[in-house]
2 protein chains.
Amino acid sequence: MKLLYHPDQADIHLSTVLDALSDPIRLLIVSELHNVGERACGDINVPVVKSTASHHIRTLRESGIVNVRVQGTQRLVSMRTEDLNIRFPGLLPSILEAFKNSEEKRKLMNPQ
Amino acid sequence: MKLLYHPDQADIHLSTVLDALSDPIRLLIVSELHNVGERACGDINVPVVKSTASHHIRTLRESGIVNVRVQGTQRLVSMRTEDLNIRFPGLLPSILEAFKNSEEKRKLMNPQ
DNA sequence: TTCAAATTTCGATTATAATCGAACAATAAA
DNA sequence: TTTATTGTTCGATTATAATCGAAATTTGAA
(Lines give C-alpha, C1' and ligand atoms only; values in the text may rest on other atoms or scores of the structure.)
Protein backbone atom coordinates (compact mmCIF):
# COMPACT_ATOMS: atom_id res chain seq x y z
CA MET A 1 0.00 0.00 0.00
CA LYS A 2 1.55 3.21 -1.26
CA LEU A 3 1.04 6.35 0.80
CA LEU A 4 0.23 9.54 -1.00
CA TYR A 5 1.67 12.91 -0.01
CA HIS A 6 -0.85 15.60 0.88
CA PRO A 7 0.40 18.93 2.25
CA ASP A 8 -0.98 20.06 5.60
CA GLN A 9 -3.42 22.93 5.37
CA ALA A 10 -0.73 25.39 6.56
CA ASP A 11 1.64 24.18 3.84
CA ILE A 12 -0.73 25.00 1.02
CA HIS A 13 0.82 27.99 -0.74
CA LEU A 14 -0.83 30.64 -2.85
CA SER A 15 1.57 30.66 -5.80
CA THR A 16 1.57 26.86 -5.95
CA VAL A 17 -2.22 26.76 -6.02
CA LEU A 18 -2.44 29.46 -8.67
CA ASP A 19 0.13 27.66 -10.77
CA ALA A 20 -1.77 24.39 -10.46
CA LEU A 21 -4.99 26.12 -11.51
CA SER A 22 -3.42 27.96 -14.43
CA ASP A 23 -3.62 24.83 -16.57
CA PRO A 24 -6.95 24.46 -18.43
CA ILE A 25 -6.98 20.67 -18.06
CA ARG A 26 -6.59 20.97 -14.31
CA LEU A 27 -9.29 23.64 -14.19
CA LEU A 28 -11.56 21.16 -15.96
CA ILE A 29 -10.75 18.44 -13.44
CA VAL A 30 -11.39 20.78 -10.51
CA SER A 31 -14.64 21.96 -12.06
CA GLU A 32 -15.87 18.40 -12.51
CA LEU A 33 -14.88 17.38 -8.98
CA HIS A 34 -16.67 20.43 -7.60
CA ASN A 35 -19.85 19.48 -9.44
CA VAL A 36 -19.96 15.74 -8.79
CA GLY A 37 -17.96 15.33 -5.56
CA GLU A 38 -15.67 12.32 -5.37
CA ARG A 39 -14.59 10.58 -8.58
CA ALA A 40 -12.25 7.77 -9.52
CA CYS A 41 -9.30 8.97 -11.62
CA GLY A 42 -10.49 7.10 -14.66
CA ASP A 43 -13.99 8.50 -14.43
CA ILE A 44 -12.84 12.09 -14.68
CA ASN A 45 -13.57 13.25 -18.19
CA VAL A 46 -10.48 14.87 -19.69
CA PRO A 47 -9.14 15.05 -23.27
CA VAL A 48 -5.73 13.56 -22.47
CA VAL A 49 -4.36 10.02 -22.11
CA LYS A 50 -4.41 8.41 -18.68
CA SER A 51 -0.73 8.95 -17.90
CA THR A 52 -1.14 12.67 -18.53
CA ALA A 53 -4.31 12.79 -16.44
CA SER A 54 -2.42 10.99 -13.67
CA HIS A 55 0.28 13.66 -13.82
CA HIS A 56 -2.30 16.45 -13.52
CA ILE A 57 -4.04 14.78 -10.60
CA ARG A 58 -0.71 14.42 -8.85
CA THR A 59 -0.01 18.12 -9.37
CA LEU A 60 -3.40 18.97 -7.87
CA ARG A 61 -2.79 16.64 -4.92
CA GLU A 62 0.71 17.90 -4.17
CA SER A 63 -0.44 21.52 -4.33
CA GLY A 64 -3.16 20.78 -1.76
CA ILE A 65 -6.15 21.24 -4.03
CA VAL A 66 -7.44 17.67 -4.04
CA ASN A 67 -7.47 14.67 -1.76
CA VAL A 68 -6.83 11.20 -3.13
CA ARG A 69 -7.77 8.04 -1.26
CA VAL A 70 -7.20 4.46 -2.30
CA GLN A 71 -10.11 2.04 -2.61
CA GLY A 72 -9.24 -1.26 -4.19
CA THR A 73 -7.64 -0.64 -7.56
CA GLN A 74 -9.17 2.80 -7.72
CA ARG A 75 -8.02 6.20 -6.49
CA LEU A 76 -10.88 8.38 -5.40
CA VAL A 77 -10.27 12.08 -5.91
CA SER A 78 -12.13 14.94 -4.25
CA MET A 79 -11.67 18.67 -3.67
CA ARG A 80 -10.15 19.97 -0.44
CA THR A 81 -12.81 22.66 -0.44
CA GLU A 82 -12.73 23.32 3.29
CA ASP A 83 -8.94 23.63 3.51
CA LEU A 84 -8.85 25.95 0.52
CA ASN A 85 -11.62 28.17 1.84
CA ILE A 86 -9.88 28.52 5.17
CA ARG A 87 -6.51 29.19 3.62
CA PHE A 88 -7.65 31.46 0.76
CA PRO A 89 -11.20 32.69 1.42
CA GLY A 90 -13.16 33.35 -1.75
CA LEU A 91 -10.44 32.19 -4.11
CA LEU A 92 -11.88 28.87 -5.24
CA PRO A 93 -15.47 30.11 -5.70
CA SER A 94 -14.30 33.01 -7.86
CA ILE A 95 -12.18 30.71 -10.02
CA LEU A 96 -14.95 28.13 -10.41
CA GLU A 97 -17.43 30.84 -11.39
CA ALA A 98 -14.99 32.37 -13.87
CA PHE A 99 -14.27 28.97 -15.41
CA LYS A 100 -17.96 28.27 -16.05
CA ASN A 101 -18.19 30.81 -18.85
CA SER A 102 -14.57 30.71 -19.90
CA GLU A 103 -13.09 30.21 -23.32
CA GLU A 104 -10.80 27.59 -21.77
CA LYS A 105 -13.83 25.46 -20.90
CA ARG A 106 -15.46 26.03 -24.27
CA LYS A 107 -12.34 24.95 -26.13
CA LEU A 108 -11.91 21.79 -24.05
CA MET A 109 -15.56 20.76 -24.48
CA ASN A 110 -15.79 21.67 -28.20
CA PRO A 111 -12.79 19.92 -29.72
CA GLN A 112 -12.38 20.96 -33.38
CA MET B 1 6.50 56.20 -30.09
CA LYS B 2 6.07 52.51 -29.47
CA LEU B 3 2.58 51.25 -28.85
CA LEU B 4 2.05 48.71 -26.13
CA TYR B 5 -0.31 45.75 -26.51
CA HIS B 6 -3.09 45.52 -23.96
CA PRO B 7 -5.78 42.86 -24.40
CA ASP B 8 -9.39 44.01 -24.53
CA GLN B 9 -11.40 43.20 -21.43
CA ALA B 10 -13.11 40.30 -23.23
CA ASP B 11 -9.74 38.86 -24.22
CA ILE B 12 -8.50 38.57 -20.66
CA HIS B 13 -8.44 34.84 -19.95
CA LEU B 14 -8.63 33.03 -16.65
CA SER B 15 -5.77 30.60 -17.10
CA THR B 16 -3.49 33.36 -18.42
CA VAL B 17 -4.24 35.55 -15.42
CA LEU B 18 -3.71 32.71 -12.96
CA ASP B 19 -0.44 31.83 -14.63
CA ALA B 20 0.73 35.44 -14.46
CA LEU B 21 -0.15 35.60 -10.78
CA SER B 22 1.48 32.27 -9.91
CA ASP B 23 4.90 33.91 -9.85
CA PRO B 24 5.83 35.40 -6.44
CA ILE B 25 7.67 38.34 -7.99
CA ARG B 26 4.61 39.27 -10.02
CA LEU B 27 2.39 38.87 -6.96
CA LEU B 28 4.68 41.35 -5.21
CA ILE B 29 4.41 43.82 -8.09
CA VAL B 30 0.62 43.52 -8.15
CA SER B 31 0.43 43.92 -4.39
CA GLU B 32 2.53 47.09 -4.51
CA LEU B 33 0.53 48.56 -7.38
CA HIS B 34 -2.69 47.83 -5.54
CA ASN B 35 -1.41 49.67 -2.47
CA VAL B 36 0.15 52.72 -4.06
CA GLY B 37 -1.70 53.10 -7.37
CA GLU B 38 0.36 54.08 -10.39
CA ARG B 39 4.13 53.57 -10.33
CA ALA B 40 7.01 54.00 -12.74
CA CYS B 41 8.66 50.67 -13.62
CA GLY B 42 11.87 51.64 -11.88
CA ASP B 43 10.09 52.67 -8.69
CA ILE B 44 8.53 49.25 -8.17
CA ASN B 45 10.47 47.54 -5.43
CA VAL B 46 11.45 44.05 -6.55
CA PRO B 47 14.46 41.85 -5.79
CA VAL B 48 15.48 41.29 -9.41
CA VAL B 49 17.52 43.25 -11.96
CA LYS B 50 15.71 45.74 -14.19
CA SER B 51 15.61 43.54 -17.27
CA THR B 52 13.90 40.79 -15.30
CA ALA B 53 11.45 43.27 -13.79
CA SER B 54 10.71 44.52 -17.29
CA HIS B 55 9.94 40.97 -18.37
CA HIS B 56 7.53 40.48 -15.47
CA ILE B 57 5.75 43.76 -16.14
CA ARG B 58 5.34 42.77 -19.74
CA THR B 59 3.81 39.45 -18.71
CA LEU B 60 1.37 41.29 -16.44
CA ARG B 61 0.49 43.74 -19.22
CA GLU B 62 -0.02 41.09 -21.89
CA SER B 63 -2.21 39.02 -19.59
CA GLY B 64 -4.45 42.04 -18.94
CA ILE B 65 -3.59 42.58 -15.30
CA VAL B 66 -1.86 45.94 -15.59
CA ASN B 67 -2.00 49.00 -17.78
CA VAL B 68 1.21 50.70 -18.89
CA ARG B 69 1.31 54.25 -20.22
CA VAL B 70 4.26 56.20 -21.50
CA GLN B 71 5.22 59.51 -19.93
CA GLY B 72 8.54 60.86 -21.06
CA THR B 73 11.21 58.27 -20.52
CA GLN B 74 9.09 56.55 -17.93
CA ARG B 75 6.44 53.83 -18.16
CA LEU B 76 3.71 54.25 -15.60
CA VAL B 77 2.14 50.99 -14.49
CA SER B 78 -1.22 50.54 -12.77
CA MET B 79 -3.68 47.75 -12.04
CA ARG B 80 -6.64 47.09 -14.36
CA THR B 81 -8.75 46.60 -11.27
CA GLU B 82 -12.07 47.44 -12.90
CA ASP B 83 -11.56 45.14 -15.89
CA LEU B 84 -10.48 42.28 -13.67
CA ASN B 85 -13.40 42.68 -11.29
CA ILE B 86 -15.87 42.66 -14.16
CA ARG B 87 -14.24 39.68 -15.83
CA PHE B 88 -13.52 37.60 -12.70
CA PRO B 89 -15.54 38.96 -9.76
CA GLY B 90 -13.84 38.42 -6.42
CA LEU B 91 -10.69 36.87 -7.84
CA LEU B 92 -8.25 39.74 -7.37
CA PRO B 93 -9.41 40.68 -3.85
CA SER B 94 -9.07 37.08 -2.66
CA ILE B 95 -5.57 36.80 -4.12
CA LEU B 96 -4.44 40.13 -2.68
CA GLU B 97 -5.77 39.18 0.74
CA ALA B 98 -4.10 35.76 0.58
CA PHE B 99 -0.79 37.30 -0.47
CA LYS B 100 -0.74 39.68 2.51
CA ASN B 101 -0.01 36.89 4.99
CA SER B 102 1.69 34.53 2.59
CA GLU B 103 5.03 32.81 2.92
CA GLU B 104 5.80 34.03 -0.60
CA LYS B 105 5.64 37.64 0.59
CA ARG B 106 7.60 36.91 3.75
CA LYS B 107 10.40 35.28 1.77
CA LEU B 108 10.64 38.13 -0.73
CA MET B 109 10.71 40.80 1.99
CA ASN B 110 13.08 38.88 4.33
CA PRO B 111 15.96 37.93 2.07
CA GLN B 112 18.36 35.56 3.89
C1' DT C 1 23.65 67.80 -31.17
C1' DT C 2 25.38 65.50 -27.33
C1' DC C 3 24.38 63.45 -22.99
C1' DA C 4 21.83 61.23 -19.28
C1' DA C 5 17.91 58.61 -17.59
C1' DA C 6 14.52 54.96 -18.03
C1' DT C 7 13.34 50.98 -19.95
C1' DT C 8 13.37 47.24 -23.47
C1' DT C 9 15.44 43.82 -26.25
C1' DC C 10 18.77 40.24 -27.10
C1' DG C 11 21.47 36.20 -26.28
C1' DA C 12 22.67 32.69 -23.20
C1' DT C 13 21.83 29.67 -19.43
C1' DT C 14 19.22 26.87 -16.56
C1' DA C 15 15.08 24.90 -15.06
C1' DT C 16 10.52 23.28 -15.26
C1' DA C 17 6.40 21.35 -17.39
C1' DA C 18 2.97 19.16 -20.71
C1' DT C 19 2.44 15.32 -23.45
C1' DC C 20 2.57 10.57 -25.13
C1' DG C 21 3.33 5.45 -25.28
C1' DA C 22 5.23 1.60 -23.06
C1' DA C 23 6.31 -0.81 -19.11
C1' DC C 24 5.32 -1.59 -14.39
C1' DA C 25 2.65 -2.23 -9.92
C1' DA C 26 -1.20 -3.17 -7.04
C1' DT C 27 -5.44 -5.11 -6.21
C1' DA C 28 -9.61 -7.78 -6.93
C1' DA C 29 -11.95 -11.40 -9.20
C1' DA C 30 -12.30 -15.78 -11.57
C1' DT D 1 -2.78 -18.73 -9.31
C1' DT D 2 -3.89 -16.51 -13.42
C1' DT D 3 -6.13 -12.62 -15.40
C1' DA D 4 -8.29 -8.16 -15.82
C1' DT D 5 -8.72 -3.52 -14.06
C1' DT D 6 -6.88 0.72 -12.51
C1' DG D 7 -3.57 3.73 -12.10
C1' DT D 8 1.53 5.16 -11.74
C1' DT D 9 6.18 5.58 -13.30
C1' DC D 10 9.66 6.04 -16.83
C1' DG D 11 11.90 7.82 -20.82
C1' DA D 12 11.73 10.84 -24.57
C1' DT D 13 10.27 14.91 -26.85
C1' DT D 14 8.97 19.52 -27.20
C1' DA D 15 7.95 23.84 -25.35
C1' DT D 16 8.00 27.56 -22.25
C1' DA D 17 9.82 30.53 -18.64
C1' DA D 18 12.92 32.89 -15.12
C1' DT D 19 17.11 35.01 -14.77
C1' DC D 20 21.16 37.84 -15.80
C1' DG D 21 24.36 41.14 -18.21
C1' DA D 22 25.21 43.71 -22.21
C1' DA D 23 23.66 46.31 -25.90
C1' DA D 24 20.13 49.01 -27.96
C1' DT D 25 16.23 52.33 -27.87
C1' DT D 26 13.57 56.25 -26.62
C1' DT D 27 12.95 60.58 -24.80
C1' DG D 28 14.08 64.85 -22.42
C1' DA D 29 17.51 68.12 -21.09
C1' DA D 30 21.82 70.70 -21.49
Side-chain angles (χ1 to χ4, degrees), chain A residues 1-6 13 15-30 32-33 38-63 65-78 104 107-108 111-112, chain B residues 1-6 13 15-30 32-33 38-63 65-78 104 107-108 111-112:
Chain A
M1 163 92 92
K2 200 96 164 285
L3 77 140
L4 300 170
Y5 169 74
H6 290 85
H13 297 302
S15 54
T16 311
V17 166
L18 295 179
D19 186 55
L21 296 178
S22 69
D23 184 285
I25 299 283
R26 290 193 290 260
L27 279 173
L28 188 64
I29 293 172
V30 163
E32 181 165 342
L33 291 176
E38 205 172 41
R39 263 270 192 271
C41 287
D43 295 342
I44 300 173
N45 204 327
V46 279
V48 288
V49 301
K50 62 177 182 166
S51 62
T52 303
S54 177
H55 155 73
H56 284 305
I57 291 165
R58 185 222 273 240
T59 300
L60 289 170
R61 172 173 54 77
E62 294 183 341
S63 69
I65 294 170
V66 304
N67 187 273
V68 181
R69 67 189 182 93
V70 177
Q71 192 178 68
T73 63
Q74 301 195 127
R75 306 276 174 113
L76 300 178
V77 190
S78 59
E104 286 89 341
K107 278 187 184 166
L108 290 172
Q112 325 299 22
Chain B
M1 163 91 91
K2 200 93 165 284
L3 77 139
L4 301 170
Y5 169 73
H6 290 85
H13 297 302
S15 55
T16 311
V17 166
L18 294 179
D19 186 55
L21 296 179
S22 70
D23 183 285
I25 298 283
R26 289 193 290 262
L27 279 173
L28 188 64
I29 293 172
V30 162
E32 181 165 342
L33 291 176
E38 205 171 40
R39 263 270 192 270
C41 287
D43 296 341
I44 300 173
N45 204 327
V46 280
V48 288
V49 301
K50 60 180 182 164
S51 62
T52 302
S54 177
H55 156 72
H56 285 305
I57 291 164
R58 186 222 273 240
T59 300
L60 289 170
R61 172 173 55 77
E62 293 183 342
S63 69
I65 295 171
V66 304
N67 186 273
V68 181
R69 68 189 181 92
V70 177
Q71 193 179 66
T73 62
Q74 300 193 128
R75 306 276 174 113
L76 299 180
V77 189
S78 60
E104 287 89 340
K107 279 188 186 166
L108 290 173
Q112 323 301 21

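Convention: sequence-line order gives letters A, B, ...; per-chain numbering from 1.
Ala53(B) comes within 4.0 angstrom of no nucleic acid atom, judged by non-hydrogen atoms across all strands. Residue contacts shown for His55(B) include a base, since a base heavy atom lies under 4.0 Å away.
Which of dC20(D), dT8(D), dA23(D) sits closest to the side chain of Lys50(B) comes down to dA23(D). Taking only side-chain atoms of Asp19(A), from C-beta outward, the nucleotide of dT19(C), dT8(D), dA17(C) with the closest atom is dA17(C). Among the nucleotides dT9(C), dG21(C), dA18(C), the one closest to the side chain of Arg26(A) is dA18(C). Here dG7(D) is the nucleotide among dT7(C), dG7(D), dT8(D) with the atom lying nearest to any side-chain atom of Gln74(A). Listed nucleotides: dT7(C), dG21(C), dA23(C). Nearest to the side chain of Ala40(B): dT7(C). Out of dC20(D), dT7(C), dC20(C), the shortest distance to the side chain of Arg75(B) is found at dT7(C). Comparing dC20(C), dT19(C), dA6(C) by their closest approach to the side chain of His56(A) singles out dT19(C). When the nucleotides dT8(D), dC20(D), dA6(C) are ranked by their closest atom to the side chain of Val48(B), dC20(D) comes out on top.
Interatomic distance, CD of Glu104(A) versus CD1 of Ile25(A), reported as 11.5 Å (0.5 Å rounding). Note that CG of Leu4(B) and CD1 of Ile57(B) are 11.5 Å apart. Values are rounded to the nearest 0.5 Å. For the atom pair NE2 of His56(B) and CZ of Arg61(B), the computed distance is 14.5 Å after rounding to the nearest 0.5 Å.
Where Gly72(A) and Ile25(A) each meet DNA chain C at their nearest nucleotide, the meeting point lying more 5' is that of Ile25(A).
Evaluation of atom-type donor-acceptor distances gives no pair under 3.5 Å for the side chain of Thr73(B) against the base of dG28(D).
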